[in-house]
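Convention: sequence-line order gives letters A, B, ...; per-chain numbering from 1.
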There are 2 protein chains.
Amino acid sequence: MTEVAEGQFRAGSLSHRVPELGALELLLAVARLGSLGGAARELGITQPAASSRIRSMERQLGVALVDRSPRGSRLTDAGALVTDWARRIVEAAEAFDAGAQALRDRRDSRLRVAASMTIAEYLLPGWLLALRAQRPDTAVSLLAGNSAAVAERLLADEADLGFVEGVSVPTGLDSVVIAHDNLIVVTAPGHVWARRRRALSGAELAATPLILREEGSGTRQVLDSALGGLARPLIELSSTTAVKAAAVGGAGPAVLSELAVGEELSMRRLVSVPLADVSLARDLRAVWPTGHRPVGPARDLLALTRG
Amino acid sequence: MTEVAEGQFRAGSLSHRVPELGALELLLAVARLGSLGGAARELGITQPAASSRIRSMERQLGVALVDRSPRGSRLTDAGALVTDWARRIVEAAEAFDAGAQALRDRRDSRLRVAASMTIAEYLLPGWLLALRAQRPDTAVSLLAGNSAAVAERLLADEADLGFVEGVSVPTGLDSVVIAHDNLIVVTAPGHVWARRRRALSGAELAATPLILREEGSGTRQVLDSALGGLARPLIELSSTTAVKAAAVGGAGPAVLSELAVGEELSMRRLVSVPLADVSLARDLRAVWPTGHRPVGPARDLLALTRG
DNA sequence: ATGGCGACATAAACTGAACTTATGACAGAG
DNA sequence: CTCTGTCATAAGTTCAGTTTATGTCGCCAT
């Protein structure tokens, strides 16, 4: 009976209202296996521990999650919903883990990857997850920087495989295009541009103050060159996340990589504005020192990125 | 010195390698405020606690995250990267919380929402987050079910606002289209269809065995009617998540709501196959009992969904 | 210079949540 | 009618995270 006043706590941080990761993993295991004891075994804890953990999660959320019977346990309707939300958290945690694992082994690992920021943030954790599923023993290291830094690492033999975004390939490197990244114009759903039917012209874009990354950033370079150096900043922010936040908040239109806003678009927190006569596409390339074709784990990772 | 053998633990569950939510929140606060003590104050803990928490997170990840100086604390390069991954987790947790909060207050709340599964899973948590930012005191309840169940609740005055996906509006309800959901054909990046240039025809789609939701599900109904009842199942699975997993694993092409695969697409775990002469669009509608135009919080929520 | 302020570090004692071990109760299958 | 699976309950233990209380370092204003 400790949670009587539920509903008017002091902006209590999330961690008091959202179960911790271990509990969410347990819930997913229960959903998959249909048994508390089975899930417990899989996670290497005892059955009473699992039971108690699920129970305290139910108390915390104020909703019954599983129907327990002497024949096993099934999710309730609410439980199924909660499990789906939990899965999102666990997936984000897996990406975190994959990235962190790579970061941790920076020094002493076997596959050393150097990548530009956008790729390192949004794409690599997923690829590393897949690579680990395929070759669990490979220790991967990750270094993030701009194109020049990536090239430098590769040429100094401090990295085995690199990933860059941008139009030109640094000299001394061979490359393969692995994907195309489009910069897109996005606004909050309430913005006038969200209701446009006709596509936006380059001139209109150049004439409108935009929320942008700072000068010198990769995305900014692509935009400036496509527009002839004319992009007019409404605000300049130093991280993709800050730009997204400003756009979601309705500060104005922003130009961002579609990789960075996949979720915001599908959740309709942001809306993409079609563009007519300007192409903001750029290639994402895997790169390596000329002649040193990737072998071993580097080759596997490369294969993964190309599907 | 307990973590000597780091790197070869027994498939150790995530929770041992990923810091818990509270620590991630703390990290975000430090990133934002530039100070350990400040972040501690914001989260309602003491400064040594914050320091120790960050430190143990650094030990856990094996990477320095913040540069501590007598003048404040800034993120290291690795710290910035980790913070971005952490933010994804925290965002997922916020969506979880928004949904759970609604679920919890099912009985005694002021705004009662009934929604179909896809909307409840993928869209509503985001909307509720926005609603709570705007009207923090509104207690929201959520019931998920199929279109008929939604209609029933509304007509019985057990819900104030409903959301349904599908072609027809149940009788007795007024509605507004709030968004369009497209079913799309997706495959793993390795599948032959991922390399097609020409769009897929309806006949080809009907002739190919697909990974599908079970008969009776909303997505299956739309597909069957668009194809004239001809969809040929390769496997039938009972949840969107299972279909996604099978498709990502390369089992074959799947047909899914674009809402369900936004992230997979932007991460290139799945690729969308363009479709030529078939339209798999369906409207997402807000619904309410004829004549009872939404007022108060229901009206606010409705406004949010339309941007 | 020199106090004062703000930031972080260190040490020791405390608290509590979550685990384990050990057992009991219930349902269905052979 | 016992055997095997399931979950529940109880009591004891462990350990991570917290607080309180101090120490150190750099910066700034007087």
Original post:
Which atom pair, heavy atoms only, marks the closest approach of Ser15(A) to Gln60(A)?
Top reply: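 In terms of heavy atoms, the two residues are closest at O-NE2, 4.3 Å.
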Subject >> Shortest non-hydrogen contact between Val261(B) and Lys244(B), atoms and distance >> reply: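 Reported closest heavy-atom pair: CG1-CD, 3.8 Å.
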Pair [X]-[Y], side-chain donor/acceptor within less than 3.5 Å:
X         : Y         : answer
Arg213(A) : Thr240(A) : yes
Asp67(B)  : Ser73(B)  : no
Asn146(A) : Ser116(A) : no

Send over the distance from [X] [atom1] to [N] [atom2], rounded to a whole Å.
X        : N      : atom1 : atom2 : result
Asp67(B) : dA9(C) : CG    : P     : 11 Å
Arg55(B) : dA7(C) : CZ    : P     : 18 Å
Ile54(A) : dT6(D) : CD1   : C1'   : 15 Å

Original post:
Okay, side chain of Thr83(B), backbone of Gly79(B): is any donor-acceptor separation there less than 3.5 Å?
Top reply: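 Yes: the side chain of Thr83(B) pairs with the backbone of Gly79(B).
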Original post:
For residues 31-43 of chain B, which residues have at least one heavy atom under 4.0 Å from DNA chain D?
Top reply: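 Listed by number, there are none.
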Original post:
Can you find a side chain N or O atom of Ser69(B) that sits less than 4.0 Å from OP1 or OP2 on dC8(C)?
Top reply: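 Indeed not, no polar side-chain atom of Ser69(B) lies that close.
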**OP:** Please determine if a side-chain N or O atom of Arg68(B) lies less than 4.0 Å away from the OP1 or OP2 oxygen of dA7(C).
**Re:**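 No.
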Original post:
Going 5' to 3' along nucleotides 17-30 of chain C, which nucleotides have protein heavy atoms under 4.0 Å from the base (write B), which only from the sugar-phosphate (write S), and which from neither (write -)?
Top reply: --SBBB---BSS--
Original post:
When the aromatic ring centroids of Phe163(B) and Trp127(B) are compared, is their separation below 6.0 Å?
Top reply: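 Under 6.0 Å, so yes.
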Original post:
What class does the angle between the rings of Phe96(A) and Trp85(B) fall in, given that below 30° is parallel, 30 to 60° is tilted and above 60° is perpendicular?
Top reply: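 Geometry flag for Trp85(B) against Phe96(A): perpendicular rings.
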